Amino acid sequence: MKKYLIITIFLFFCGSVFSQVKLIGTITDNNGKEVVGANIYIKGTYDGTTSDSTGKFILRTSAKGKQIIKISFIGYKDYEREISINNNEQNFSFKLEEDIFKMPGVQIVAGSFKAGDKIKSIALQPMDIVTTASTAGDIYGALSALPGASKVGESGMLYVRGGDASESQTYIDNIKVESPYLHRLSNVPTRGRYSPLLFNGTLFSTGGYSAEFGQALSSVLLLTTNNMPADSKTDISLYSTGVGVAHTHLFNNSAIVATFDYSNFKPYYELVKQRYNWIKPPETIYATVGYTVNFKNGGRLKTLLSINYDDFKFLTQNGYILQDSQAVRLTNKNVFLKSNYYGKLSENSTYDIGIGFNLDENTFGFSKSATINDKVINPEFKLTFNTILSKKVKLRYGGNLFFRSFAESIDSLSNQQKLDFGNQTIAAFAETELNFGNSFAMRLGGRIEHNSITTPNTFGPRISMAYKFKESGQFSFAYGIFYQSPADMYLKFTTNLKQEVAHHYILNYQFEKNKRLFRLEIYYKNYNSLVKFPVPYLSIIDLTVLDQFNWLQTNYNNSGKGYAKGLDLFFRDKKTIENGDFWISYSFLDTKRDYKYFYNMATPSSFARHNFSFVYKQWITSLHSNIGLTYSFASGRPYFNPNLGVTQFLSQHTKPYNDLSLNYAFDLSSFTKAPITLFFMASNVLGFKNIFGYRPTTYPDANGQYILQPIEPQSTRFFLVALFLTFKNENIK
Amino acid sequence: MKKIKLVTIILLCIVTNSFAQYKEEMAKALEILNKANKKEDFIAAANKFVQLSQIESQEWLTFYYACYSYTVLTYFINDNDDLRDLYLDKAQDNYEVANKLMPNNDEVELLKGYILESRFIVSPMSRLSTGSEAVSTFKKVLKMNPNNPRAYTLYGIHIFHTPAFLGGGAKEALKVFKLGAERYKSFVPKDVLYPNWGLEDNDYWMAKCNKSKEKK
């Protein structure tokens with residue numbers, strides 16, 4: 001008897017001779033759709049299975065009595081239920097509930113930006129910029145091929161949705177860059193100071209941007225520097241206008257990146273004829289040092305220092321300023337330093353301490369008859385916190401302190417003048433992101449600012465909301481009030497000015513699938529409190545100079561106003577053509593202003609009604625080459641014809657603008673041992689004769705007519721040839 | 001005495017039985033994994049390992065293979081980047097447990113690199129820094145164990161997809177795959193359940209490199 005008992009017990013533990021029972025069922029979600037591949041098992045046992053293509057499952061188990069069955073599937077909340085297992089087959093039906101926090105949900109898009117790298121809207125990667133023809137590696141040049149941006153060829157700066165270049169601000173790691181463009185005088189196009197390869201993200205917001213940023217009536221451009229590089233390496237670039245060296249050194253938990261560039265347009269201008277008369281073509285020296293450290297506690301430090309020296313001299317054209325022609329020289333010294341420390345306060349809370357410092361000094365010399373020296377110093381302190389309050393609520397808040405000092409000294413034969421001012425800004429912002437279910441999200445925020453030099457203190461609310469359809473894209477809406485201090489050239493004369501203000505209303509629809517993106521955005525911007533000053537019609541002073549040097553000290557006030565409304569369309573396809581990527585961008589813009597010296601509401605001369613770009617890039621494997629093509633079109637731009645009456649102010653238009661640019665990159669590394677790339681770029685290959693506007697002569701001729709001189713590009717075409725080499729300092733053996 | 005003997009026998013039975021069952025279940029699960037060639041198969045494999053890991057919560061291999069299955073399956077999803085990231089999150093959770101149970105292990109560390117590489121592949125242009133981190137991890141694994149053949153395979157795949165002017169391309173990748181091929185020949189896993197994958201992948205990629213050389 002005992003033996004049998006022992007054997008039975010033995011078998012009981014060792015054998016799998018029990019009766020297995022079948023549990024059958026179906027798994028669906030809360031819409032009744034079957035869930036394929038769900039994980040179903042009995043807790044504490046080895047018995048489990050996976051639901052098939054119809055959501056059905058068959059689970060065989062030898063467990064008995066009260067058991068807990070558990071079901072899980074990605075994107076859904078885990079499901080557990082107590083069941084009673086006996087010897088009979090049982091049927092079940094389980095419903096899974098979506099997990100809000102985990103399911104890829106809706107993201108705010110309208111005009112505003114999104115955090116993180118899941119950016120589906122207008123974000124350009126560094127290689128996008130470098131490979132877009134017509135940009136020659138300039139960030140702002142690439143952005144002008146995107147919707148919302150107007151092509152202002154003679155300037156090279158960013159004009160967004162009817163807003164001047166000064167209405168768009170650039171940030172590096174959320175620290176403001178006071179002077180992102182190299183300084184050029186009117187009608188000599190400029191470019192950004194920073195190479196796109198310094199950054200791993202470029203986010204361009206055409207309006208309705210976050211409460212974290214202020215002092216920009218139109219848009220912000222957010223650049224994020226790279227984190228940690230993978231290797232130590234040295235990059236050398238040789239190009240038709242200069243040389244550059246960059247060295248990356250990787251330590252255990254830190255890295256240093258140092259770059260040095262020297263560019264001189266003299267040899268190039270001697271080869272390719274220019275319309276402008278250069279006495280000294282632009283010479284630029286540029287160096288940066290970046291330092292990144294990852295700390296053991298999870299914190300990170302990112303520091304960037306950039307130093308820039310830029311110098312040129314040219315002969316101005318007839319009818320410019322007071323004399324017929326004079327030599328103008330501009331020397332620029334620029335220092336930008338920023339440092340960010342990212343730290344963790346707790347599991348759900350992080351912070352970012354930022355320090356910025358800008359120094360920008362410009363010396364303008366006019367044929368030794370006058371010298372103007374401008375110096376701007378701008379330190380910034382910033383503190384930002386990020387907290388995840390719950391699954392549905394995220395909070396971001398912080399504040400900054402800006403100190404801005406502007407000092408100008410004018411030294412002419414007849415006059416010596418000093419103008420300066422200082423402005424202290426204290427700002428605070430808070431923004432919360434709320435998620436309701438998987439289809440609706442909302443961002444609410446506000447920014448308060450106090451500027452010592454203007455009134456009043458401002459409060460700018462920001463609201464945006466987005467609704468996501470299941471399979472057909474998403475809809476978003478954004479509204480905000482944006483403030484900006486008047487330009488330096490006004491503030492240096494008076495402290496009685498107010499903040500300029502713009503209200504943005506933006507509606508957006510976006511759909512992305514299979515590497516194709518479609519985006520439609522409609523907007524309305526209302527401007528108020530813009531700086532305005534009375535100027536008698538047809539005063540002797542040249543209007544373009546008025547914009548820049550401001551010889552008249554007139555009564556500045558904030559009575560200016562304006563509007564901008566329009567539509568932006570964008571379509572990008574990275575899939576249809578193998579190894580190819582193209583985008584089409586169209587913008588319609590209707591904008592009028594009555595500001596500065598304007599005599600009535602008119603469209604400013606920078607803006608065309610229609611802007612169109614087609615950008616195409618193709619990698620050809622067999623030829624080891626990358627080809628890029630950009631076609632841009634803009635309808636005619638308004639210009640001022642003083643021969644007509646004041647009611648016809650800015651009523652005439654230039655002919656439309658066309659440009660077809662090509663670039664070609666050839667990968668030599670298949671023939672050589674080291675990675676070498678040869679690069680060619682030519683803008684306006686078809687030689688369109690573009691005219692950006694007309695400038696009237698300063699004085700009327702014998703018949704009382706002002707002659708209109710066309711403002712043309714420096715040269716019909718721009719060519720660039722470059723060679724890029726990379727030497728890596730580490731290899732696996 | 002007899003009672004103690006009985007109890008001991010019974011206890012031994014339980015222990016060896018459960019260990020035998022663990023091995024048996026693992027073997028079954030590994031069979032599903034080794035036969036897998038589409039997304040649904042890898043999901044089924046991942047599910048099996050998750051089921052095992054909830055009952056064998058001290059066995060690092062259950063978490064290791066769950067992580068591996070989730071990672072590999074993302075390569076079969078072409079139209080939903082967010083879903084890929086969600087699966088990689090699941091892979092990451094499993095990696096973390098495996099790492100706690102088996103710290104400073106080159107195979108586990110390699111999984112970390114595999115997850116980083118997979119995240120990078122989701123959106124290479126906007127995740128360049130993640131790609132860099134993946135490479136750093138592969139190098140760390142090779143420092144820990146220069147004979148780990150899988151590290152060469154994963155590193156080689158990354159190099160293959162890196163543009164030539166940044167130091168990548170088929171030619172450079174082939175060098176690494178060749179080093180891996182030698183290591184596969186001499187590799188012997190500590191146990192039949194220990195990671196032993198990658199040879200097929202290595203052969204496949206080596207062939208691809210050779211083909212692209214001929215395409216010139």
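Computed from a predicted model, the values in this text were never measured in an experiment. Below, all heavy atoms of this structure are taken into account, side chains as well, without hydrogens, waters or symmetry copies. Numbered from 1 within each chain, the chains take letters A, B, ... in sequence-line order.
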For A:A665, which atoms come within 4.5 Å of any heavy atom of chain B: side chain, backbone, both, or neither? neither

Chain A contacts, top residue of B:P146, B:A46, B:A44 (heavy-atom pairs, under 4.5 Å): B:A44

Could you tell me whether A:R572 and A:D581 have a side-chain N and a carboxylate O separated by less than 4.0 Å? yes

Give, as side chain, backbone, both or neither, the part of A:K70 having an atom under 4.5 angstrom from any heavy atom of chain B. neither

Test item: B:F138 and B:E117 side chains (from C-beta on) under 4.5 Å apart, heavy atoms: yes

With a 4.5 angstrom heavy-atom cut-off, could you sort out which part of A:S72 is near chain B: side chain, backbone, both or neither? neither

Counting C-beta onward and ignoring hydrogens, is there a side-chain heavy-atom pair between A:Y664 and A:N626 closer than 4.5 Å? no

Please walk me through it: do A:Y41 and A:T49 pass side-chain hydrogen bond (donor to acceptor under 3.5 Å, both in side chains)? CA-CA 6 Å; A:Y41 60 93; A:T49 185; over 6 Å; no

